[in-house]
Amino acid sequence: MSEPSESETHGVRHGLPELIAERRSKAQRLRADGHEVCPYSFPGVEPIAEVRAACEPLQEGEETDEMHRVAGRVSARRGAGKAAFIDLVDRTGKIQLHARYDVLGEKPFSQLSEVDLGDLIGIDGALMRARKAGEPTLRVQSFQLLGKALRPPPDKYAGLTDVETRHRNRELDLIANEEVRVAFMQRARIVAAVRAHLDGEGFIEVETPILQPLYGGALARPFTTHHNVLDRDLYLRIAPELYLKRLIVGGMERVYELGKDFRNEGISTKHNPEFTMVEWYEAYADYMDEAERLEGAVRAAAQSIGYEGRLDFAAPWRRITFVEAVQEATGVDLLAHQDAASLAKAIDERDLGLKTAGLSWPQLADELLSKHVEPTLTQPTFVLDYPVELSPFARAHRAKPRLAERWEAFAGGMEIANAFSELTDPDEQRTRFEAQHRLAADGDEETQPYDETFLQALEHGMPPTGGVGLGIDRLVMLLTDRSTIREVVLFPAMRT
RNA sequence: GGGCCGUUAGCUCAAUUGGCAGAGCAGGGGCCUCUUAAGCCCAAGGUUGCAGGUUCGAUUCCUGCACGGCCCA
């Protein structure tokens with residue numbers, strides 16, 4: 001214990017210290033009475049939802065001798081003299097316990113009466129339905145403390161609403177807010193559905209390095225770390241792309257990886273520094289094949305949680321080209337303005353609220369898309385054929401000069417996926433790396449480092465390949481109707 | 001990085017023009033054997049985010065900082 005705080009002056013504790021001391025002394029009293037307060041296990045527990053189901057056939061007020069064992073956290077208690085009602089919550093639901101003096105006897109009844117909100121208990125009880133409301137209930141025959149809550153839980157009715165506390169102390173959020181637990185269970189189902197879908201299409205799940213000597217596969221700044229024994233810096237991956245393509249070279253033909261990527265950039269409602277992505281690559285396919293793959297994967301994810309929201313994920317999703325989308329949203333014809341100065345002039349003339357000074361043609365095009373097109377794309381949409389300069393790993397378009405065979409998929413006004421007909425020509429890839437190197441030399445901090453190992457892999461021969469990256473967090477946001485990534489990441493990044 | 005808003009008891013929230021910081025829940029002491037936001041009685045619980053400033057007096061006005069939220073970049 002540290003120095004007594006002012007709240008303990010005059011020998012009386014107040015506030016939180018008082019509440020904790022009170023709970024601690026209750027546990028000590030139980031222990032003194034010979035009650036194990038921290039047992040190693042509690043075998044034979046039934047999910048509360050199953051006990052509730054077993055209660056269905058009973059009439060209101062009907063009592064049985066059918067015994068059930070449940071365990072969970074005490075969420076409410078209502079004393080009534082020599083009886084009490086306790087609400088017990090587990091991961092499947094809530095059930096009412098009826099504690100009676102005449103059933104339990106004096107000592108156990110008084111012990112059970114000292115159980116606090118938030119305590120973890122297990123009980124054996126007889127199935128019944130309460131008389132008035134017909135509430136499914138277990139009449140407690142015996143109970144066991146399974147874990148003492150020394151700190152008070154959030155308010156039993158108002159719950160926990162403070163967003164900061166909810167995100168910093170997710171355990172309290174999960175205790176207080178059932179819908180949060182449901183959302184994260186849905187997230188798990190979505191992830192499982194994406195995996196099952198790809199497995200079913202003949203893809204192999206692989207794991208590639210998260211600690212990489214060179215980062216690549218996306219345009220982003222990396223986190224840097226250091227290997228002590230090797231005495232060299234390593235990067236946390238910004239994408240697994242280059243390793244997965246090497247597996248395609250190796251003949252694995254259909255591979256995917258679902259895991260965390262790390263990007264050293266801002267935190268926002270749509271960005272967490274570490275986030276979950278699934279990338280898949282398949283030989284002999286192009287980007288239009290991959291559009292159908294994405295539709296299938298997202299449909300499977302939506303079905304896995306019975307999604308019935310405002311978004312229509314039925315295939316085929318709308319397909320529109322980058323040039324058409326910008327033209328439609330802003331009136332700017334990208335094809336008619338093929339250099340930065342001309343495009344900047346066209347943008348400025350239309351008063352689109354964009355700063356154009358100093359931006360390159362591809363940067364201007366990207367601004368138009370992200371500011372004027374992306375927010376309008378509510379229903380699932382593929383935007384096709386990006387400027388090649390924005391796509392260092394995508395193959396040049398087979399028919400359209402200056403464009404690449406790349407799409408991004410949008411829904412809910414947000415990018416959820418990105419795909420290419422992968423660039424497989426090692427000489428062309430080398431040229432792209434050199435262009436990135438020049439951008440870096442000009443001060444661009446989000447460029448691709450030159451990766452000779454990757455180039456040599458391509459030089460062994462790579463089949464035509466389609467590849468997709470799908471943001472899992474954003475997909476979960478859409479399917480669970482959450483507006484911020486922090487609501488779908490259990491422990492989001494917070495300032496410390 | 002910028003703008004706006006917020007931070008009061010364990011939780012959820014009040015507080016008039018700058019004038020003794022209140023309530024519900026939780027917790028404590030009682031009563032109550034079908035309650036379910038149980039109810040009734042009693043007592044208690046505060047460094048008003050942190051540091052300064054103005055003032056006789058600051059939760060309130062001002063400055064800075066920390067953390068968070070929303071919007072913008």
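Note that the structure is predicted; figures quoted are calculated from it, not measured.
To the nearest whole angstrom, the two C1' atoms, one in C50(B) and one in A58(B), are 16 Å apart. Across G6(B) and G49(B), the matching C1' atoms stand 11 Å from one another, rounded to whole Å. Spacing of C1' atoms, G19(B) relative to C61(B), comes out at 15 Å, to the nearest Å. U16(B) and G1(B) have their C1' atoms separated by 39 Å, given to the nearest Å. Taking atom P in both G18(B) and U60(B), the straight-line distance is 11 Å, to the nearest Å. Here the separation of G24(B) from C40(B), taken at their P atoms, is 10 Å to the nearest Å. One C1' atom belongs to C11(B), the other to G3(B), and the distance between them is 32 Å to the nearest Å. Distance noted for atom C1' between C62(B) and A23(B): 31 Å (whole Å).
Applying the 3.5 Å distance criterion, the base of U7(B) shares no donor-acceptor pair with the side chain of Glu164(A).
Residue Leu16(A) has its side chain nearest to G10(B) when only G10(B), G46(B), G69(B) are considered. Listed nucleotides A37(B), U33(B), C25(B) differ in distance to Asp155(A); the shortest reach to its side chain belongs to C25(B). Distances were taken from every side-chain heavy atom of Ala83(A) (C-beta onward) to each of U33(B), G10(B), U35(B); the shortest belongs to U33(B). Among the nucleotides G10(B), G45(B), C71(B), the one closest to any side-chain atom of His14(A) is G45(B). Of all nucleotides listed (A44(B), U33(B), C34(B)), U33(B) comes nearest to the side chain of Tyr101(A). You'll find that the side chain of Lys82(A) is closest to U33(B), out of U33(B), U12(B), G69(B). Which of A37(B), C34(B), G28(B) sits closest to the side chain of Lys26(A) comes down to G28(B). Set against A73(B), U12(B), G46(B), the side chain of Lys371(A) has A73(B) as its closest nucleotide.
Rounding to whole angstrom units, CD of residue Glu18(A) and P of G10(B) are separated by 10 Å. Atom NZ of Lys270(A) and atom C1' of C71(B) are 12 Å apart (whole Å). When rounded to the nearest whole Å, the span between CG of Asn177(A) and C1' of C11(B) equals 12 Å. Going from atom CE of Met494(A) over to atom P of G68(B) covers 5 Å, rounded to whole Å. Per the geometry, NZ belonging to Lys355(A) stands 14 Å off P belonging to C72(B), to the nearest Å. We find that CD of Glu135(A) is positioned 16 Å from P of C34(B), with the value rounded to whole Å. The distance between atom OH of Tyr157(A) and atom P of A23(B), rounded to the nearest whole Å, is 21 Å. Rounding to whole angstrom units, CZ of residue Arg23(A) and P of C11(B) are separated by 13 Å.
Using a 4.0 Å heavy-atom distance criterion, Thr484(A) is classed as a sugar-phosphate-only contact. Looking at heavy-atom distances under 4.0 Å, Arg486(A) makes contact with sugar-phosphate atoms alone, never a base. Across all strands shown, Lys94(A) has no heavy atoms under 4.0 Å from either base or sugar-phosphate atoms. Glu63(A) comes within 4.0 angstrom of a nucleotide base, judged by non-hydrogen atoms across all strands. As judged by a 4.0 angstrom heavy-atom cut-off over every strand, Arg495(A) is placed among residues touching the sugar-phosphate backbone only. Within the 4.0 angstrom heavy-atom criterion, only backbone atoms of the sugar-phosphate kind lie near Asp162(A); the bases stay farther away. If you check every strand for non-hydrogen atoms under 4.0 Å, Glu22(A) touches sugar and phosphate atoms only.
The pair Glu62(A)-Arg129(A) does not meet the salt-bridge criterion, since no charged nitrogen lies less than 4.0 angstrom from a carboxylate oxygen. Note on Glu408(A) versus Arg406(A): salt bridge recorded, some NZ/NE/NH1/NH2 to OD/OE distance being below 4.0 Å. A salt bridge does not link Lys345(A) with Asp348(A): every distance from a Lys NZ or Arg NE/NH1/NH2 to an Asp or Glu carboxylate oxygen is 4.0 Å or more. Between Arg166(A) and Glu487(A) a salt bridge is recorded (basic side-chain N to carboxylate O distance below 4.0 Å). Taking the charged nitrogens against the carboxylate oxygens, Arg139(A) and Glu63(A) do have a contact shorter than 4.0 Å, which makes a salt bridge. Remark: Arg77(A) does not engage Asp116(A) in a salt bridge, criterion side-chain N to carboxylate O under 4.0 Å.
Across every strand in view, C32(B) sits unpaired, with no contact that passes the Watson-Crick or G-U test at under 3.5 angstrom. G45(B) makes up no base pair with any nucleotide shown, lacking Watson-Crick or G-U wobble contacts both under 3.5 Å. Nucleotide U7(B) forms a pair with A66(B), judged by Watson-Crick or G-U wobble geometry with both contacts under 3.5 Å. Across every strand in view, U54(B) sits unpaired, with no contact that passes the Watson-Crick or G-U test at under 3.5 angstrom. Nucleotide U12(B) has A23(B) as its partner under the Watson-Crick or G-U criteria, with both atom distances under 3.5 Å.
Annotation: of the two residues near RNA chain B, Ala130(A) and Ala493(A), the 5′-most nearest-nucleotide partner is Ala130(A). Nearer the 5' end of RNA chain B, as judged by each residue's closest nucleotide, is the contact made by Leu117(A), out of Gly79(A) and Leu117(A).
Two rings, from Phe322(A) and Tyr386(A), have their centers less than 6.0 Å apart.
At the phosphate of G68(B), OP1 or OP2 sits under 4.0 Å from a side-chain N or O atom of Arg168(A). OP1 or OP2 of C13(B) lies within a sub-4.0 Å distance of a side-chain N or O belonging to Thr161(A).
Each of Phe382(A), Phe410(A), Trp407(A) was evaluated against Trp317(A); a single residue qualifies, Phe382(A), per the ring-ring contact (aromatic ring centres under 6.0 Å, His included) test.
For the pair Leu294(A)/Leu470(A), a side-chain contact is recorded, criterion being any heavy-atom separation below 4.5 Å from C-beta on.
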